[in-house]
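Just so we're on the same page: letters track the sequence lines, and every chain starts at 1.
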Amino acid sequence: MSNERRKPYPFDQIEAKWQRLWEERQTFHAPNPGEAGFDPAQPKYFALDMFPYPSGAGLHVGHPEGYIATDIVARYKRMCGFNVLHPMGWDAFGLPAEQYAIKTGQHPAVTTAANVAKFKAQLGRVGLAYDWAREVNTTDPNYYRWTQWIFLQLYGSWYNPETRRAEPIDTYAGGNPDSVRLAFSSEAPVNWCPALGTVLANEEVVGGLSEVGGHPVERRPLRQWMLRITAYADRLVEELDGLDWPESIKLLQRNWVGRSEGAEVTFAAAGSVETIKVFTTRPDTLYGATYMVLSPEHRLVDLLTTPDQAEAVRAYRESAARKSDMERTELAKEKTGVFTGAFAVNPVNAERIPIWIADYVLAGYGTGAIMAVPAHDERDFEFARKYFLPIREVVSPEPRLGLGGESPCSAEPLEPFVGEGYAIHSGPLDGLPTAEAKAEITARLERLGLGKGTRNYKLRDWLFSRQRYWGEPFPIVWENGRHRALDESELPLTPPEMIDFKPTGTPEPPLSKAEDWIRYSTIETRETNTMPQWAGSCWYYLRYCDAQNRERFVGEEAERYWMTGPAAAGAQTMRDNADFALNAEAVGADVPAPRAATRPKIGGVDLYVGGTEHAVLHLLYARFWHKVLYDLGHVSTPEPFQKLVNQGIILGEDGQKMSKSRGNVVNPDDVIEACGADAFRCFEMFMGPLEQMKPWSTLGVEGSSRFLARVWRLAMEENQAGEWVVGPVSDSTEPDRAAQKVIHATIKKVTEDIEALSFNTAIAQMMVFVNHFTAVTPRPASALRILLQLLNPIAPHLTEELWERLGFEENGARPLPSEPWPAYDPSLLIEDEVELAVQVNGKVRDKLVVKLDATQETIISTALAAPKVQEWTAGKQVKKVIVVPGKLVNIVVG
RNA sequence: GCUCACGUGGCGAAAUGGCAGACGCGCACGACUCAGAAUCGUGUGGGGCAACCCAUGGAGGUUCAAGUCCUCUCGUGAGCACCA
């Protein structure tokens with residue numbers, strides 16, 4: 001024998017072989033309705049990964065974590081009898097390809113194709129069971145023609161507040177339809193990033209810097225395309241409720257939409273015909289308003305400012321305008337403002353209160369003006385302290401007697417009370433708890449025409465155009481400042497072939513340099529902005545349902561099947577356990593109830609796995625588009641993703657985030673080369689809970705490799721010549737009672753754990769199984785057969801090879817990926833004797849073995865008689881005995 | 001500053017309110033071997049000869065029983081950051 005280090009089992013040959021066979025046999029192709037092999041009665045399962053941007057750097061071990069998780073579920077569901085949609089594709093528009101192209105002169109399409117090939121090869125080596133016939137690429141004209149088509153749907157519709165849904169624009173009875181379109185052109189201050197040479201969405205700006213690259217962003221008025229996502233604010237919040245998503249992500253989205261309930265109150269400007277509307281979430285504190293603040297940009301500032309304050313106001317406005325967003329956030333600590341010289345009249349008590357301007361009031365939120373209640377708002381309090389404005393308490397944490405009436409409180413509080421309580425010094429509101437006071441004052445204001453209950457949102461409309469070359473062109477043409485849509489038949493609209501697509505350094509997009517392309521006709525010119533990278537990822541999951549369709553963005557039947565499934569779909573999480581469920585009831589064993597039966601489905605994708613970084617960007621945008629398509633009758637579910645899971649990031653071996661600069665990046669290719677794809681898959685899932693952040697460990701992969709080698713040697717042994725041959729496996733030997741218990745406990749645990757995505761504990765249980773059978777010879781073939789089935793989703797290559805070598809197929813079984821998932825027999829899990837812990841005052845003092853059917857009396861008397869128990873209870877009085885069946889006995893003495 | 005999540009052996013981690021540490025890594029010892037590697041077996045939270053005692057970031061509480069529930073506190077991570 002050579003001294004070359006032998007592999008613990010021949011994974012290198014096995015894995016290449018099965019990857020080739022899966023491709024040749026199209027093993028994981030999911031037939032669509034109407035296609036050969038499609039069974040309309042078969043339930044569907046849609047397991048989706050967040051598709052990657054194919055960067056030049058290739059994958060690191062963090063990428064496949066989520067992909068492996070969905071792959072396991074997909075393979076498992078397939079064995080459970082589902083028609084499984086498990087596709088992959090490429091989110092390939094984006095800055096890096098364009099920047100690389102600018103640097104090297106190579107067209108981004110060329111680099112993109114090379115990167116896609118690299119990613120695809122890497123994913124192939126992991127042994128992922130994708131249906132590559134459904135591959136999508138957002139930069140493919142056959143894909144983005146439909147992205148453009150969806151844009152036209154947005155352009156061609158409006159949100160009808162009466163029906164609470166999008167409708168075709170021709171149902172709009174108002175004036176100018178351009179004022180209500182869901183995709184609209186607007187001249188407004190936007191986030192312009194000079195370094196990137198493009199504008200950015202609010203979601204892409206973090207603390208005044210671009211999310212990508214961290215470059216400064218400034219506000220600039222520019223004509224841009226916007227999508228009216230604010231129309232959907234309520235539905236985006238409310239329809240989260242029915243989704244099976246992590247609460248933290250739902251919370252993030254709710255906070256991002258930032259809906260708050262309150263009232264709009266109209267103040268008159270003293271000595272003027274103008275009125276000032278303010279938004280407040282605390283109308284109950286109206287009697288405590290001691291001044292008013294307008295944002296520096298408020299339209300009434302010039303009108304109201306008195307001549308002697310004009311200079312101060314002008315100077316303040318100028319300095320506020322000069323501040324960038326970042327400075328404004330950084331300087332937020334110290335509040336500043338200027339008195340306008342004008343006064344407003346409080347509608348409830350006719351009191352004159354001074355009007356100030358200050359940049360702590362934002363022009364873009366609410367009405368851009370507030371009533372300041374310093375006693376009950378931290379910002380107003382701080383401001384009032386600085387400028388010596390009066391502070392008047394109108395809410396008390398405790399109900400107070402005898403403090404009503406009009407007499408204002410004289411002593412100023414040391415800190416604001418922002419909680420809920422009871423109204424004081426508030427005329428008719430006195431004594432009312434905050435909630436009632438809010439309702440009461442709102443009703444009074446409404447009667448007087450001085451206010452109304454309203455809602456406000458932090459969510460802004462979505463800035464949807466970018467000054468880039470490598471993106472979807474807008475199917476829009478212009479004539480004399482008026483826009484119109486291209487006809488659907490003119491799609492796809494491809495960008496011009498260009499050599500120089502460097503950003504112009506101005507907000508003028510690179511496409512503006514393509515003079516021939518721009519000219520649509522003698523009088524019309526094309527839109528030169530392009531869509532943001534989010535556009536393609538907003539609907540890719542729909543395209544997977546029918547990726548080759550040339551007639552529609554997705555075929556109606558295919559969409560209905562994959563997004564809603566047959567009527568019974570989802571109710572059959574464990575087809576083959578259905579029979580056992582009946583048996584189980586008879587024996588009183590636990591069989592997990594199918595979840596879908598209790599929770600109505602509002603989303604189409606059954607499982608969506610991806611990183612948290614998309615919590616408010618992609619996931620909010622995609623929900624918005626989906627709802628528009630739903631309203632217009634193009635898709636069948638109101639939500640796209642029923643269940644969402646965020647995988648945790650994988651850190652480097654040093655516990656730091658993986659990065660090139662730290663030099664701690666682990667490449668999956670190297671891991672697979674050394675230990676094999678199965679060990680890689682197994683370890684990624686064994687490391688810990690999927691959602692958790694966890695560090696990589698080279699020794700850990702070797703452990704998983706060792707486990708799989710133990711599985712291999714359960715069936716195989718080396719002969720004299722050093723070849724692997726089938727070992728001591730017996731068809732005729734039946735597992736004994738203890739072995740039966742291990743087998744069925746493992747089926748139960750693995751089934752439940754995969755359903756719960758607790759892969760680490762599923763693997764641990766299979767290790768228990770392997771440890772048990774390593775000590776058994778000969779090994780019952782029936783036991784190995786079940787192990788191979790259970791392990792197949794996690795280690796598909798190894799298990800298929802052993803399935804073949806042990807000849808199960810020759811004995812009538814199907815190829816392993818199509819073999820039905822095993823069912824467990826609950827009766828084999830029940831023993832006739834159980835061991836109980838015997839506690840005295842909560843501490844374990846003895847163990848007790850009793851018959852399963854022993855009565856409480858028997859158990860108690862046996863426990864009390866135990867010698868150890870006698871010792872601990874001697875001389876004491878037994879006060880109470882608690883028996884937890886099958887677990888323990890606790891004797892309480894005193 | 002506010003909101004949310006999480007703190008368990010040397011390490012990754014298990015644990016419907018019911019025997020804390022399953023499973024793996026590492027480590028120690030043993031078997032096989034001329035020897036090593038690989039493999040197989042045994043042990044492995046801390047203290048103590050032992051009986052026992054102590055242990056899930058810390059302090060209280062609820063309970064027959066708390067890693068798990070409640071209150072406060074410290075630490076780590078994520079998100080938001082003048083949103084009235």
> How does protein reach along nucleotides 12-25 of chain B, written 5' to 3' as B (base within reach of a heavy atom under 4.0 Å), S (only sugar-phosphate), or - (no contact)?
Replying inline: BSS---BB--BBSS

>> Can you confirm whether more than 12 heavy atoms, excluding those of A:Gln877, are under 6.0 Å from its CD atom?
In response: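 No, not enclosed.
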
Mind checking the [atom1] distance from [N] to [M]? Whole angstroms is fine.
| N | M | atom1 | result |
| --- | --- | --- | --- |
| B:rC27 | B:rA38 | P | 10 Å |
| B:rG18 | B:rG26 | P | 32 Å |
| B:rA28 | B:rC64 | P | 48 Å |
| B:rC2 | B:rC70 | C1' | 23 Å |
| B:rC49 | B:rC11 | C1' | 31 Å |
| B:rC40 | B:rG7 | C1' | 38 Å |
| B:rG48 | B:rU42 | C1' | 23 Å |
| B:rU16 | B:rC6 | P | 15 Å |

Does the side chain of [X] get closer than 4.0 angstrom to OP1 or OP2 of [N] through an N or O atom?
| X | N | answer |
| --- | --- | --- |
| A:Ser260 | B:rA84 | yes |
| A:Tyr365 | B:rA84 | yes |
| A:Arg713 | B:rC40 | yes |

Could you tell me how far apart [X] ([atom1]) and [N] ([atom2]) are, to the nearest whole angstrom?
| X | N | atom1 | atom2 | result |
| --- | --- | --- | --- | --- |
| A:Gln656 | B:rG77 | CD | P | 10 Å |
| A:Trp245 | B:rC4 | CH2 | C1' | 17 Å |
| A:Asn255 | B:rG79 | CG | P | 13 Å |
| A:Ile650 | B:rG77 | CD1 | P | 20 Å |
| A:Trp872 | B:rA51 | CH2 | P | 12 Å |
| A:Gln870 | B:rA51 | CD | P | 20 Å |
| A:Arg254 | B:rU3 | CZ | P | 17 Å |
| A:Phe267 | B:rA84 | CZ | P | 17 Å |

> Quick one: stems for RNA chain B, with Watson-Crick or G-U pairs under 3.5 Å, at least three in a row?
Replying inline: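 In RNA chain B, stems of three or more pairs: B:1-7 with B:74-80, B:10-12 with B:23-25, B:26-31 with B:39-44, B:45-47 with B:52-54, B:57-61 with B:69-73.
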
>> Mind checking if A:Arg845 touches a base, just sugar-phosphate, or nothing, with heavy atoms under 4.0 Å?
In response: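 The answer is sugar-phosphate, as A:Arg845 gets under 4.0 Å only of primed atoms, P, OP1 or OP2.
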
> Does anything in residues 759-776 of chain A pair up under side chain to side chain donor-acceptor pair (under 3.5 Å), and if so which pairs, sequence neighbours excluded?
Replying inline: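 For residues 759-776 of chain A, and leaving out neighbouring residues, the side chain to side chain donor-acceptor pair (under 3.5 Å) pairs sorted by first residue read A:Arg710-A:Asn771, A:Thr746-A:Gln765, A:Asp753-A:Thr761.
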
>> If you assign each of A:Met371 and A:Glu871 to its closest nucleotide in RNA chain B, which residue comes earlier from the 5' end?
In response: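 The residue mapped nearer the 5' terminus is A:Glu871.
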
>> Please compare A:Asn456 and A:Val616 by the position of their nearest nucleotide in RNA chain B and report the one closer to 5'.
In response: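 Mapping each residue to its closest nucleotide by heavy atoms, the 5'-most match is A:Val616.
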
> Using 30° and 60° as the class limits, which term best fits the ring planes of A:Phe680 and A:Trp696: parallel, tilted or perpendicular?
Replying inline: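 If you compare the ring of A:Phe680 with that of A:Trp696, the planes turn out tilted.
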
>> Is the ring pair A:His618/A:His614 parallel, tilted or perpendicular, if the boundaries are 30 and 60 degrees?
In response: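 Perpendicular, since the angle between the ring planes exceeds 60°.
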
>> Under a plain distance cut-off of 3.5 Å, with no hydrogens placed, do A:Asp461 and A:Thr230 share a side-chain donor-acceptor pair?
In response: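 Distance-only check passes for A:Thr230 and A:Asp461.
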
>> Whether the side chain of A:Thr612 engages the backbone of A:Ala615 through a donor-acceptor N/O pair (distance < 3.5 Å, no angle test) should be reported.
In response: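 Answer holds: no.
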
> In chain order, what residues pass the side chain to side chain donor-acceptor pair (under 3.5 Å) check against A:Arg845, with sequence neighbours excluded?
Replying inline: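 Not a single residue meets the side chain to side chain donor-acceptor pair (under 3.5 Å) criterion with A:Arg845.
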
> For A:Trp256, what residues pass the side chain to side chain donor-acceptor pair (under 3.5 Å) criterion, not counting sequence neighbours?
Replying inline: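 Expected list: A:Glu203.
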
> Can you name the residues that form a side-chain contact (heavy atoms from CB on, under 4.5 Å) with A:Ser248, not counting sequence neighbours?
Replying inline: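 Partners of A:Ser248 under the side-chain contact (heavy atoms from CB on, under 4.5 Å) test: A:Pro246.
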
>> Run the side-chain hydrogen bond (donor to acceptor under 3.5 Å, both in side chains) test on A:Tyr287 and A:Asn346 for me, step by step, so that the C-alpha distance in whole Å, both residues' side-chain angles and the decisive distance to 0.1 Å come before the verdict.
In response: CA-CA 8 Å; A:Tyr287 284 85; A:Asn346 190 330; over 6 Å; no

> How would you label the glycosidic angle of B:rG9: syn (within 90° of 0) or anti?
Replying inline: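 Because its glycosidic torsion lies within 90° of 0, B:rG9 adopts the syn conformation.
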
>> Minimum heavy-atom separation for A:Met658 and A:Leu651, please, with both atom names.
In response: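 Shortest heavy-atom contact: CE-O, 3.6 Å.
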
